[in-house]
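Written below as structure tokens is the structure these notes are about.
First the proteins, then the strands, lettered A, B, ... as listed; each starts at 1.
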Amino acid sequence: MSEETRPNNFIEDIIEDDLANGLSKDKLRFRFPPEPNGFLHIGHSSAICLNFGLGEKYNQPVNLRFDDTNPAKEEAKYVKAIQEDVKWLGYEWDNLCFASDYFQELYDWAVQMIKDGKAYVDSQSSEEMAIQKGTPTEPGVDGPYRNRSVEENLALFEGMKNGEYGEGEHILRAKIDMQSNNMLMRDPIMYRVVNRDHHRTGSDWKIYPMYDWTHGESDYLEQISHSFCTLEFKPHRELYDWFLDQVVDPNKIRPKQREFARRNVSHTVTSKRKLQKLVEAGVVNGWDDPRMTTISGLRRRGYTANAIKNFADSIGIAKRDNLVDMNHLEFHLRDDLNKAADRVMCVLDPVKLIITNYPEDKVEMLQAENSQEDESRGFREVPFSRELYIEREDYREEANKKFFRLKNGKEVRLKNGYIIKGEGCIKDENGVITEIHATYDPDSKSGSGTEASMRRVKGTLHWVSASHALPVEVRLYDRLFTVPSPDTDKEKDFMEFINPDSLNVITAMAEPAMKNLEVGETVQFQRMGYFCVDPDTTDEKMVFNRTVTLRDTWAKLDV
RNA sequence: UGUCCCAUGGUGUAAUGGUAACACUCCGGUUUUUGGUACCGUCAUUCAAGGUUCGAGUCCUUGUGGGACAACCA
């Protein structure tokens with residue numbers, strides 16, 4: 001990476017300013033604060049890379065903190081999955097924290113706020129309170145319980161805590177300003193009663209703090225210097241600061257919330273609610289379906305942590321709305337895989353090719369390099385015989401000179417093998433080609449050093465020996481959505497833009513050496529793309545996911 | 001009829017009052033036993049109008065366009 005030359009983004013500018021104004025570098029501390037109510041997705045990777053990247057840049061700690069204040073939505077399995085994803089991306093957190101660790105502290109502070117006349121118990125229905133709250137363009141009005149006595153507030157809040165009231169009977173509100181331009185400042189709710197067991201605190205608590213009351217105070221307790229979140233939290237900043245004002249010790253670090261734009265990637269959705277709907281509706285097979293842009297889905301698809309980090313790094317951090325083209329992500333994927341993946345031969349749409357002048361029973365073991373990029377990766381043996389499979393699209397009886405592949409009367413190279421010449425084909429009653437015939441030049445064997453072997457032919461085909469071929473299942477994926485921005489249409493639901501052909505399962509013919517590949521390993525099927533071994537693989541059948549195709553300039557010409 | 005945020009090629013991001021640039025995409029070329037990779041090149045950008053200034057993408061004003069805010073969610 002060219003870290004040294006990359007200019008600072010506005011977030012780094014903020015930090016540099018603070019440093020220049022006297023903040024000591026060793027006071028810098030960051031955090032990544034997901035709610036454990038779903039799986040991490042590509043949108044989160046920006047926040048993860050930003051916070052952990054800052055930690056690496058300044059060599060200062062980053063906490064992983066679970067914002068677990070709503071037991072109705074959160075589960076321990078998500079806590080586990082999120083940790084795995086962050087680790088897989090290659091980051092290490094300093095402290096593993098939970099907002100639920102701060103419930104007692106938060107409660108004690110709330111009691112003090114009641115005593116100070118800064119908070120009160122409201123006993124109205126949510127509908128009544130919503131009316132008093134006004135709208136973004138009209139101020140709110142004070143509710144009837146706003147001036148309850150401290151004693152009464154204390155007693156009611158204590159009762160809430162002790163489980164004496166049902167959900168919705170009472171809530172605790174901060175007493176700020178019902179006429180504020182900022183809706184969030186119109187006496188925001190601090191606590192509500194929730195009769196649910198929490199995945200960590202069990203039945204200890206009957207009341208749970210709201211996000212705004214929890215987040216800034218958690219940052220403060222952890223002495224986070226900079227608390228970065230997405231733009232939709234901008235209006236929360238005023239409240240974040242107000243709550244901090246109630247508790248902050250001037251000798252300690254006062255956290256600073258700043259906001260950046262969420263990253264949107266084309267042809268996908270990145271909201272937990274929508275991803276969940278795809279899972280529940282059976283559009284995909286779970287959160288880690290390779291078509292999902294969850295971190296776990298991308299991982300199963302064959303994405304590398306490097307590709308995701310380089311992507312996040314290259315798109316940067318800013319404040320304007322954006323829709324990053326999937327091409328960017330795929331560029332970084334190919335870039336990383338090109339260096340990392342061994343090359344193999346696998347025929348996705350096989351048709352038989354008979355080398356008519358090759359001996360019936362002869363089998364040769366040919367040497368094939370594992371990577372043209374890196375000779376140190378070594379060689380493997382590939383069996384060659386009279387009957388092979390090649391791609392159906394690699395043969396035409398006749399074609400113009402733009403077609404570099406096999407055609408009658410013309411020569412092509414079989415990768416790592418011989419030069420062959422097309423002689424004709426056999427078709428069934430429907431005109432479908434069932435067998436292609438060719439002759440080979442025995443002196444043209446790859447690497448033999450003969451004059452014939454040095455001959456230049458325009459096309460090179462991959463192939464597998466028919467009798468040695470290993471049938472494998474290959475899952476070909478396409479974009480999950482047919483439009484760049486499926487969830488911004490004013491009339492249509494994002495579900496209407498689902499690509500019906502996002503998954504195509506085929507049986508391909510692989511070279512025998514591929515049976516040694518392990519689950520999760522990625523290889524390049526030469527000329528076809530990058531593929532990884534799926535966990536669905538069994539002893540009987542290997543299953544591959546197409547991670548991404550190669551760039552294909554021919555496909556563009558051949559329309 | 002409010003408050004706040006944002007506006008640079010098709011996309012993303014720089015330029016911190018001093019020559020508008022980098023990457024992706026597209027298109028073209030060289031190399032190539034992958035129509036891949038690598039390398040080279042082409043096309044293409046400051047929302048508008050005023051103002052300040054020797055000088056404005058940058059500062060100011062107004063407008064236009066986009067977005068956020070009315071969950072006992074985060």
Query raised in the report: When the distance from NZ of A:K319 to P of B:rC4 is rounded to whole Å, what number comes out?
Result: 13 Å

Query - Rounded interatomic separation in angstrom, taking CD from A:E369 and C1' from B:rU37 - result: 13 Å

**Report entry** Short side-chain N/O contact from A:R405 to OP1 or OP2 of B:rU34, under 4.0 Å
**Finding:** no

Report task. Between A:M528 and A:N322, name the one whose nearest nucleotide on RNA chain B is closer to the 5' end. Result -> A:N322

Query - Side-chain heavy-atom pair A:V344, A:Q524 within 4.5 angstrom cut-off - result: no

Query raised in the report: Can you tell if the side chain of A:M178 reaches within under 4.5 Å of the side chain of A:M185, non-hydrogen atoms only?
Result: no

Report task. Please state the C1' separation for the pair B:rG10 and B:rC43 - nearest whole angstrom. Result -> 12 Å

Report task. With heavy atoms under 4.0 Å as the rule, sort A:G447 into base, sugar-phosphate or nothing. Result -> base

Report task. For A:K402, report the nucleic acid contact type (base, sugar-phosphate, nothing); a contact means any heavy atom under 4.0 Å. Result -> base

Query raised in the report: B:rA56 and B:rA48: how far apart are their P atoms, nearest whole angstrom?
Result: 15 Å

Requested in this report: Could you check whether A:R551 gets within reach of a base, just the sugar-phosphate, or nothing at all, counting any heavy atom under 4.0 Å?
Outcome: sugar-phosphate

Query - Sugar-phosphate or base contact per nucleotide [nucleotides 68-74 of chain B; S, B, -; heavy atom under 4.0 Å] - result: SBB-BBB

Query raised in the report: With a cut-off of 6.0 Å (strictly less than), are more than 12 heavy atoms of other residues, nucleotides or ligands near CZ of A:R262?
Result: no

Query raised in the report: Heavy atom of residues 323-331 of chain A under 4.0 Å from RNA chain B: which residues?
Result: A:L323, A:V324, A:D325, A:N327, A:H328, A:F331

Query raised in the report: Distance between the C1' atoms of B:rA70 and B:rG57, in whole angstroms?
Result: 37 Å

Query raised in the report: Taking all non-hydrogen atoms of both residues, which atom of A:R146 and which atom of A:Y120 are closest, and how far apart?
Result: CA-CE1, 3.6 Å

Requested in this report: Look at the rings of A:F494 and A:F481 and say which category their plane angle falls in: under 30° parallel, 30 to 60° tilted, over 60° perpendicular.
Outcome: tilted

Query raised in the report: A:E238 near the nucleic acid: base, sugar-phosphate alone, or nothing, with a heavy-atom cut-off under 4.0 Å?
Result: nothing

Report task. Scan A:L461 against the nucleic acid and name what it touches under 4.0 Å (heavy atoms): base, sugar-phosphate only, or nothing. Result -> nothing

Query raised in the report: Separation of A:K458 atom NZ from B:rU33 atom P, in whole Å?
Result: 10 Å

Query raised in the report: Is any side-chain nitrogen or oxygen of A:R237 closer than 4.0 Å to OP1 or OP2 of B:rC5?
Result: no

Query raised in the report: Taking the six-membered ring for Trp, are A:Y107 and A:F157 ring centroids under 6.0 Å apart?
Result: yes

Query raised in the report: Considering only the P atoms, how many Å lie between B:rG51 and B:rU13, rounded to the nearest integer?
Result: 32 Å

Query raised in the report: Where do A:Y78 and A:F39 land on the ring-ring contact (aromatic ring centres under 6.0 Å, His included) test, with the steps shown first?
Result: CA-CA 6 Å; A:Y78 295 128; A:F39 288 77; 5.5 Å; yes

**Report entry** Atom pair distance, as rounded to whole Å: CD in A:E373 and C1' in B:rU31
**Finding:** 13 Å

Report task. Ignoring backbone atoms, establish whether A:T553 has a side-chain N or O less than 4.0 Å from OP1 or OP2 of B:rG36. Result -> yes

Report task. Check whether the ring centres of A:Y389 and A:W463 lie less than 6.0 Å apart, and answer yes or no. Result -> no

Query raised in the report: What nucleotide, of B:rG36, B:rG2, B:rA14, holds the atom closest to the side chain of A:R343?
Result: B:rG36

Report task. Take atom P in B:rC26 and the same atom in B:rC47, then report the distance between them in whole Å. Result -> 26 Å

Report task. Using only side-chain N and O atoms of A:R334, determine if any of them is under 4.0 Å from OP1 or OP2 of B:rG36. Result -> no

**Report entry** Close side-chain approach of A:E167 to A:V194, heavy-atom, < 4.5 Å
**Finding:** yes

**Report entry** Interatomic distance where CG belongs to A:D552 and C1' belongs to B:rU25 [whole Å]
**Finding:** 15 Å

Query raised in the report: How are the rings of A:H215 and A:Y240 set relative to one another: parallel (under 30°), tilted (30 to 60°) or perpendicular (over 60°)?
Result: tilted

Requested in this report: For nucleotides B:rG65 and B:rC59, find the distance between their P atoms and express it as a whole number of Å.
Outcome: 22 Å

Query raised in the report: Quick one: salt bridge (Lys or Arg N to Asp or Glu O under 4.0 Å) partners of A:E411, sequence neighbours excluded?
Result: A:R455

Report task. With C1' as the reference atom in both, quote the distance from B:rA44 to B:rC22 in angstrom, rounded to an integer. Result -> 14 Å

Report summary line: Between A:Y530 and A:V457, the residue closer to the 5' end of RNA chain B by nearest nucleotide is A:V457

Query raised in the report: Hey, what's the ring geometry for A:H198 with A:Y208, parallel, tilted or perpendicular (30° and 60° as the breaks)?
Result: parallel

Report task. Under 4.0 Å between any heavy atoms, over every strand shown, what does A:R186 touch: base, sugar-phosphate, or nothing? Just pick one. Result -> nothing

Report summary line: Among the nucleotides B:rG35, B:rU32, B:rG66, whichever has the atom closest to the side chain of A:D321 is B:rG66

Report summary line: note: A:K415, atom NZ; B:rG36, atom C1'; distance rounded to Å ~ 10 Å

Query raised in the report: With a non-hydrogen cut-off below 4.0 angstrom, is A:K401 in contact with a base, only sugar-phosphate, or nothing?
Result: nothing

Query raised in the report: If the P atom of B:rU58 is compared with that of B:rU1, how far apart are they to the nearest Å?
Result: 33 Å

Query raised in the report: If a stem is a run of at least 3 consecutive Watson-Crick or G-U pairs, both distances under 3.5 Å, which stems include RNA chain B?
Result: B:2-7 with B:64-69, B:10-13 with B:21-24, B:27-30 with B:38-41, B:47-51 with B:59-63

**Report entry** Length of the CD-C1' vector between A:E375 and B:rU33, whole Å
**Finding:** 13 Å

Requested in this report: Take A:E12 and A:R6 through the salt bridge (Lys or Arg N to Asp or Glu O under 4.0 Å) test and state the conclusion after the steps.
Outcome: CA-CA 11 Å; A:E12 291 164 321; A:R6 189 174 64 79; 3.3 Å; yes

Requested in this report: Let me know which of A:Y530, A:F531, A:F525 forms a ring-ring contact (aromatic ring centres under 6.0 Å, His included) with A:F544.
Outcome: A:F525

Query raised in the report: Rounded to the Å, how far apart are A:Q526 CD and B:rU32 P?
Result: 17 Å

Query raised in the report: Nearest of B:rU32, B:rU37, B:rU16 to any side-chain atom of A:N338?
Result: B:rU37

Report task. Pull out every residue in residues 256-267 of chain A that has a heavy atom closer than 4.0 Å to any atom of RNA chain B, ordered by number, or say none. Result -> A:R263

Query raised in the report: Should the ring pair A:Y211 and A:F233 be called parallel, tilted or perpendicular, given that the plane angle runs from 0 to 90° and is split at 30 and 60?
Result: tilted

Query raised in the report: Which one, B:rA38, B:rU34, B:rA14, comes nearest to the side chain of A:Q372?
Result: B:rU34

Report summary line: Taken to the nearest 0.5 Å, the spacing of A:S465 OG from A:F384 CZ works out to 8.5 Å

Query - hbond_proxy A:R413 side chain to B:rU33 base (donor-acceptor, 3.5 Å cutoff) - result: yes

Requested in this report: Apply ring pair (Phe, Tyr, Trp, His ring centres under 6.0 Å) to A:W242 and list each qualifying residue two or more places apart in sequence or on a separate chain.
Outcome: none

